[in-house]
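In each ligand, atom 1 is the first atom listed, and ligand 1 is the first ligand listed. Index from 1, following the sequence.
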Amino acid sequence: MNILLLGSGGREHALANAISKSPSCSKLWIAPGNAGTSTCGRNVAISSTDFSAVASFCVENEVQLVVVGPEEPLVKGITDFFSADDRLSQIPVIGPTAAGARLEGSKDFAKSFMLRHGIPTAAYGSFTAASLSAGYDFLTTLHPPYVLKADGLAAGKGVLILDRLEDAKQELEAMLQHAKFGAASSTVVIEEFLHGIELSVFVLTDGEHYKILPAAKDYKRIGEGDQGLNTGGMGAVSPVPFADADFMKTVEQRIVRPTVEGLKKDGIGYRGWIFIGLMNMDGNPKVIEYNVRMGDPETEVVFPRIQSDVVELLSATGNGTLDQHELRIDPRTALTVMMVSGGYPEEYEKGKVITGLDRVSGSMVFHAGTSTDKDGNIITNGGRVLAVTSLGADLAEAQATSYASIREIAFDGSYFRRDIGKDLE
Ligand code: AMP
Ligand code: GLY
C-alpha cells in the first residue's frame with residue numbers, strides 16, 4: 001500500500017516509524033516531514049494545508065491511504081476535499097470531516113456535543129461580546145480558579161486559568177472585546193475548574209467500531225515539578241498507573257461509547273483518532289477537551305507499545321472493518337523525554353547542530369523540530385527538538401534508559417525536564 005502521512009513533528013516521526021515497519025506498507029511519503037521522518041520514507045516539500053498540491057501528489061503517485069497528523073488540515077476540511085473530488089474519493093483519509101473536527105476546532109461545539117450526549121464534563125457557559133455582562137455574572141457563580149477558553153484554535157494558547165475574579169473579568173473582556181486571540185476568542189467558554197489528575201485517552205474509530213489505544217500522561221509545563229509556562233508537552237508516559245482496568249472501563253462506558261454513538265446520532269462521519277483529555281476525579285472521569293488527532297508527545301509513547309500491524313488498523317479504519325482486527329499492546333512501560341531549544345516556549349534560536357545521535361542505543365529518538373543543513377548535519381528547527389523514548393520492564397527502567405540516551409546527545413542551549421515520570425513512581 002502507498003501511504004502519504006501529513007505533518008512534521010515528533011508525532012509524525014513516531015507514526016512514520018510504526019507505518020514503515022508494517023509489511024503492508026510499500027511506499028511511505030511524509031509531507032513535509034523532518035530529518036527524522038526521512039529515515040522512514042521520503043519527505044515531500046508540500047504543506048499539509050495545501051490541499052490541491054496534496055491532491056496532485058496523491059494522483060501522480062497512486063497514493064492509497066492518507067494519514068493526517070495535525071488538526072489544522074482536518075479543521076480546514078481535507079477529508080471533505082478528498083471525498084468531493086472524483087479522482088480522490090476512493091482514497092481513505094484517516095481523520096474526520098470538518099464537521100467532526102469541530103470537536104477540536106470549537107470548544108463551544110464540543111461542550112454542547114457533550115451536553116447533548118450526556119458525557120461528563122465541567123459545567124460551563126458560552127459568551128460573546130454581546131453577552132459580556134452575562135459572562136461576568138457567570139464568573140461570580142464559580143469558585144476560583146477561573147477557566148476561560150477561546151472557542152477556536154489559538155495555537156494551544158487559548159486557555160487561561162486565573163486565580164482572581166478581577167483578572168478573570170479583565171481577560172474575558174480582552175478576549176471578547178479586544179480580540180485577544182483574534183477571531184478564535186469571539187466566543188469564550190467559561191468553565192468550572194476540575195480538580196484531579198489528568199490523562200490522555202486515545203480512540204481509533206471507523207465511525208461504527210472503535211479501539212481504545214494505550215492511555216498516556218503528558219507533562220505540559222516547562223519546569224520541573226510542573227512549574228512555569230505551558231508547552232506543547234515536555235514528556236510522556238504510557239501506561240498510566242492510575243488508569244487501571246476498572247477506571248478504563250468507566251471511561252469506556254461513560255465517555256468513549258457515548259462519544260462514538262453521539263457522532264453517529266449527529267450524522268457526523270468520523271474515521272480517525274479521538275484524543276480525549278480527561279480529569280480523573282477520584283475515579284470519576286470528566287472530559288477536559290477533545291482533539292481530533294493523536295497527542296504529541298503522547299504518540300511517541302503510545303505507538304511504540306502497539307504491536308499490531310498499524311497499516312492494517314489504519315486501512316480497517318478507512319473501510320469500516322476495525323471490529324475484525326485485534327489490538328495487541330506491549331505490556332512494558334514507554335517513557336519519552338522531550339529535548340527542547342533554550343528559551344522555549346518563548347523565543348529560541350534555530351539551526352544548532354545536533355551531535356551524538358549515532359551514539360544512542362536502547363532508545364528511539366523521534367525528531368520533533370529538526371532539519372538538515374547544506375553539509376548534511378542534523379540541526380534544530382523548532383522549540384521541541386527531539387523526543388527520546390525508551391521501553392522498560394517498569395517505569396524506572398524506561399526512565400533510566402531515556403536519561404542515559406540524552407546524555408549522549410548535545411546541541412547548543414538544549415534543555416529537558418529531569419523529572420518525567422517521577423510523580424508516578
Ligand atoms: P486545553 O487547551 O483545553 O487542553 O487546556 C489546557 C490545559 O488547561 C488542560 O490540559 C488542563 O490542564 C487545563 N484545563 C483546561 N480546562 C480545565 C478545567 N475545566 N479544569 C482544570 N483544568 C483545566
Ligand atoms: N500533548 C498534548 C497535545 O498534543 O495536545
Under the ring pair (Phe, Tyr, Trp, His ring centres under 6.0 Å) test against Phe51, which residue among Phe81, Phe82, Phe57 passes?
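When Phe81, Phe82, Phe57 are each tested with Phe51, the ring pair (Phe, Tyr, Trp, His ring centres under 6.0 Å) holds only for Phe81.
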
Polar proximity ligand 2 side, [X] side, N/O cut 3.5 Å exclusive:
X	answer
Glu289	no
Arg293	yes
Glu298	yes

Contacting atoms of ligand 2, where contact means under 4.0 angstrom from a heavy atom of Gly232
1 (N), 2 (C)

Would you mind running through ligand 2 and noting each atom that sits below 4.0 Å from a heavy atom of Asp218?
1 (N), 2 (C)

Are Lys111 and Thr121 close enough that a side-chain donor and a side-chain acceptor fall under 3.5 Å?
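The criterion, which ignores hydrogens and geometry beyond distance, is satisfied for Thr121 and Lys111.
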
Check residues 147-163 and write down every donor-acceptor pair under 3.5 Å in which the side-chain atom is one partner and the other belongs to a residue at least two apart or another chain.
| residue | atom | partner | partner atom | Å |
| --- | --- | --- | --- | --- |
| Lys149 | NZ | Glu191 | OE1 | 3.3 |
| Lys149 | NZ | Glu191 | OE2 | 3.3 |
| Lys149 | NZ | Ile288 | O | 3.3 |
| Asp151 | OD1 | Ser106 | OG | 2.7 |
| Asp151 | OD1 | Lys107 | N | 3.0 |
| Asp151 | OD1 | Asp108 | N | 2.8 |
| Asp151 | OD2 | Ser106 | OG | 3.4 |

Return the CD1 to OG1 distance between Ile94 and Thr79, rounded to the nearest 0.5 Å.
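The CD1 atom of Ile94 sits 9.0 Å away from the OG1 atom of Thr79.
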
For the pair His13 and His367, name the ring-plane relationship: parallel under 30°, tilted 30 to 60°, perpendicular over 60°.
perpendicular

Describe, in one word, how the ring planes of Phe127 and Phe138 are oriented to each other, choosing from parallel (under 30°), tilted (30 to 60°) and perpendicular (over 60°).
tilted

Heavy atom of Gly295, distance to ligand 2 below 4.0 Å:
yes

Looking only at heavy atoms of Ser200, does any of them come nearer than 4.0 Å to an atom of ligand 2?
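No, Ser200 has no heavy atom closer than 4.0 Å to ligand 2.
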
Pair Glu72-Lys76, salt bridge (charged side-chain N to carboxylate O under 4.0 Å, His left out): steps then yes or no:
CA-CA 6 Å; Glu72 202 187 351; Lys76 289 187 169 156; 2.6 Å; yes

Starting from the N and O atoms of ligand 1, collect every protein N/O partner closer than 3.5 Å and put each pair on its own line with the distance to 0.1 Å.
| residue | atom | partner | partner atom | Å |
| --- | --- | --- | --- | --- |
| ligand 1 | 3 (O) | Lys107 | NZ | 3.2 |
| ligand 1 | 3 (O) | Glu289 | OE1 | 3.0 |
| ligand 1 | 4 (O) | Glu289 | OE1 | 2.9 |
| ligand 1 | 4 (O) | Glu289 | OE2 | 2.7 |
| ligand 1 | 10 (O) | Glu198 | OE2 | 2.6 |
| ligand 1 | 12 (O) | Glu198 | OE1 | 2.6 |
| ligand 1 | 12 (O) | Glu198 | OE2 | 3.3 |
| ligand 1 | 16 (N) | Lys149 | NZ | 3.0 |
| ligand 1 | 19 (N) | Glu191 | OE1 | 2.7 |
| ligand 1 | 19 (N) | Glu192 | O | 3.0 |
| ligand 1 | 20 (N) | Leu194 | N | 2.8 |

At their closest point, which heavy atom of Ile190 faces which heavy atom of Gly135, and how far apart are they?
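Closest approach of Ile190 to Gly135: CD1-O, 3.8 Å.
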
Short N-O contact, Arg417 and Asp226, less than 4.0 angstrom:
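Between Asp226 and Arg417 there is a salt bridge, with a charged N closer than 4.0 Å to a carboxylate O.
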
